[in-house]
There are 2 protein chains.
Amino acid sequence: MPVPTIKYYVREGLLPPGELTSPNQASYGEAHERRLRLVRALLEVGGLPVAAIREVLAAIDDTERPVHKVLGAAAWAATRYGGEDAGAPEGGDGDGAADDAELKLARERVARLVEARGWRIDPGNRAAQALASALATLERVGHGGFVDLLDDYAEAAERVARADLDYTARRVAREDLVEAVVVGTVMGDAVFAALRRMAQVDASARLFPPE
Amino acid sequence: MPVPTIKYYVREGLLPPGELTSPNQASYGEAHERRLRLVRALLEVGGLPVAAIREVLAAIDDTERPVHKVLGAAAWAATRYGGEDAGAPEGGDGDGAADDAELKLARERVARLVEARGWRIDPGNRAAQALASALATLERVGHGGFVDLLDDYAEAAERVARADLDYTARRVAREDLVEAVVVGTVMGDAVFAALRRMAQVDASARLFPPE
DNA sequence: CGCTATCTGATAGTGCCACTATCTATGATG
DNA sequence: CATCATAGATAGTGGCACTATCAGATAGCG
C-alpha cells in the first residue's frame, strides 16, 4: 500500500493514527495491519464507499453497541439503496409519495413475502426497501414476472443466512464476532454473486449445449 | 429524465439516436423508452458502469451472438472483479505471479468446488476468478474459515440459478429471452442481496433476541 | 557533528465517471 | 413574424478514491 493512501485512510477515520514515538515517527502494530486489510476488503471486494466503511468501523469499535445493531449497520452500509433516496434519519417526507404506484405495489408484495416467511423484520428496514425498489424497477422494465422467483430466492437466502449465522456463532470474543458478521455480510454478497454466476453458466451450458 | 442525460446516453451508445424527422426534431418510440428503462435499471439497481452497460447492450443487439454468449457477456459485465486486474483479452502476463500464494490456494479451492459440484465451467471464467479473489481476500483478512460455508452457498446458488433458468425458459422470442437473461443476472443480484439481508436480520433477531 | 534520507502531517491536485450547463443553428408553434 | 423548443456539440460540475508535493523534524550513518 502506498503510504499516502494510508494517510488518507487515517484522515478519513478508517484507520487509527499510528502511535507517535517522536514527532516524525509513528509505529503501526498488528492491529493496524488487520484493520487495514479489513478496509481494503470492504473497499475492493465489498465495493463499499469510504463513508460507509467509516460507519461500519465505528459500529464495530463502539463496544457499547449490541451485536445486532452492528449487523444492522453493516447491512445498512452494504445496501446500495437505489430508490427515492432516503437519509438514515428519515427527514421530513415533503413530497415523494404521489407518483409511484409501482413502488407501492412492490412494497405490498414485500410485506406479503415477509409475512409468508414469518420473518421478523421491521418493514422500514432498508433491505426491504431496496427489495421493493428492485421489484418496482423490474416491473417497470417489463419483467414483473420475475417476482414469481421470489420464493425460490427467499428459500436460498434463508439457507445462506443460516450458514452465515452458524459461522458467526462460532465466535466468542465480541471483537471477532462483530468482525465475522461484517465480513460475512459484505463479502458474502460477492461470494454468492460469483457462485450464482457459476451455477448459471453451468445450468445454461446444460440448457443451451454449446454444440 | 433530463433531456441532456438522454443525449449523453445516446452519445455513449446506450440508446439509439432518435429518428430525425427534421434537423431539429427527433421522435423516440416505445422501443427507445424500453431501452431507456433497461439502462436505468442496470445503472441504478445493477450498479453497472456505463461502459459495461454498453457492452451488454451490444451483446443483446447482436443477433448473431448465441444466447449463452450473451449470458456470458452479462455475467462478465456484472462481475466486479476485484483482483490483480485482468483485461478481457488477457494481455501479456508480465509479472503478476510471484507473490500471491493465497490466491493460488483459493483457485485450487474453487477448482475443487467446481469439480465436487460437477459444474461445467471454464476455469478461466471470470466469476470463478472473482470467487477465488474473494476467498483469498477472506483468508488475508483472517476469515479463512468462511470457506466452510461454500457448500451451503453453492447449494443456494444452484437453487437460484435453477429458478433463473426457469424464468428465462419461458421466453420464446430471442429479444425477450436475452433481455430476461440480462435482467435476471444483473437485477437478481440486488434482489438476492436484499433477501439475504432480510433473512439475516430475522435469523439474528432470533439468535440475539432484542430483549 | 553534520548531512542526507526518510517520515509526518497538511494542502492541493489528478483521473475517472455520471451527469449537466451552455451555446449555436434550425425549425416548430401561436 | 416573433418566440420558443429542440438537436447536436463542447465544455464544465461534483463526487470520490486516491496521489503529488511541500514544509518541518528527526533517524541514522560517516
Side-chain angles (χ1 to χ4, degrees), chain A residues 1-29 32-33 35-58 77-88 137 186 190, chain B residues 1-29 32-33 35-58 77-88 137 186 190:
Chain A
M1 288 257 70
V3 175
T5 302
I6 291 173
K7 304 250 185 91
Y8 165 65
Y9 291 161
V10 171
R11 279 200 305 281
E12 292 297 315
L14 306 186
L15 287 175
E19 275 176 58
L20 279 256
T21 62
S22 91
N24 73 338
Q25 213 72 24
S27 88
Y28 295 84
H32 282 93
E33 189 187 334
R35 177 51 61 94
L36 177 56
R37 284 188 199 284
L38 179 60
V39 168
R40 295 302 301 172
L42 297 181
L43 208 49
E44 293 183 351
V45 181
L48 298 202
V50 164
I53 295 178
R54 178 171 43 237
E55 283 167 35
V56 171
L57 295 179
T79 305
R80 238 187 358 283
Y81 178 52
E84 316 290 307
D85 77 291
T137 301
V186 177
Chain B
M1 288 257 68
V3 176
T5 302
I6 290 174
K7 303 246 183 101
Y8 165 66
Y9 292 161
V10 172
R11 279 200 305 282
E12 293 297 315
L14 306 186
L15 286 176
E19 274 176 60
L20 279 256
T21 61
S22 91
N24 73 341
Q25 214 70 26
S27 87
Y28 295 84
H32 282 94
E33 189 186 335
R35 179 50 62 93
L36 178 57
R37 285 190 199 282
L38 179 60
V39 168
R40 295 302 302 172
L42 297 180
L43 208 48
E44 293 182 352
V45 181
L48 298 201
V50 165
I53 294 177
R54 179 170 43 236
E55 284 168 34
V56 171
L57 295 179
T79 305
R80 233 185 6 278
Y81 177 51
E84 316 288 310
D85 76 294
T137 301
V186 176

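Letters go in sequence order (proteins before strands), and every chain restarts at 1. We use all heavy atoms of the structure for the numbers below, so side chains are in, but hydrogens, waters and symmetry mates are not.
- Between the P atom of C:dT8 and the OH atom of A:Tyr9 lies a distance of 17 Å, rounded to the nearest Å.
- Atom CG of B:Leu15 is separated from atom P of C:dA18 by 14 Å (rounded to the nearest Å).
- In this structure, A:Lys7 atom NZ and D:dC22 atom P are separated by 15 Å, rounded to whole Å.
- At whole-Å resolution of the value, CE in B:Met1 and C1' in D:dT6 are 18 Å apart.
- The stretch residues 14-26 of chain B participates, sequence neighbours left out, in these side chain to side chain donor-acceptor pair (under 3.5 Å) pairs: B:Ser22-B:Asn24.
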Applying side chain to side chain contact (heavy atoms under 4.5 Å, CB included), run through B:Leu38 and B:Arg35 and close with a yes or a no. CA-CA 5 Å; B:Leu38 179 60; B:Arg35 179 50 62 93; 4.3 Å; yes

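- With hydrogens and angles disregarded, no donor-acceptor distance shorter than 3.5 Å links the side chain of A:His32 to the backbone of A:Leu15.
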Does the pair B:Tyr9 and B:Leu43 meet the rule for a side chain to side chain contact (heavy atoms under 4.5 Å, CB included), with working shown? CA-CA 11 Å; B:Tyr9 292 161; B:Leu43 208 48; 3.3 Å; yes

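- B:Glu19 places its CD atom 15 Å from the C1' atom of D:dA7, with the value rounded to the nearest Å.
- Between A:Ile6 atom CD1 and C:dA10 atom P there is a gap of 17 Å when expressed in whole angstrom units.
- Candidate nucleotides D:dC18, D:dA7, D:dA17 were compared by shortest atom distance to the side chain of A:Pro49, and D:dA17 ranks first.
- Contact check, A:Arg40 against D:dC18: a side-chain N or O comes under 4.0 Å of OP1 or OP2.
- Counting only distance, with no hydrogens or angles, the side chain of B:Arg54 and the backbone of B:Glu12 share a donor-acceptor pair below 3.5 Å.
- Spacing between atom CD of A:Glu12 and atom P of D:dA17 amounts to 8 Å, rounded to whole angstrom units.
- Each of A:Thr5, A:Leu14, A:Ile6 was scored for a side-chain contact (heavy atoms from CB on, under 4.5 Å) with A:Leu36, with one residue passing: A:Ile6.
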Expected string for nucleotides 20-30 of chain C under the B/S/- scheme (protein heavy atoms, under 4.0 Å, primed atoms plus P, OP1, OP2 as sugar-phosphate) is B-----BBS--

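- Rounded to an integer number of Å, the gap from A:Leu48 CG to D:dC16 P is 14 Å.
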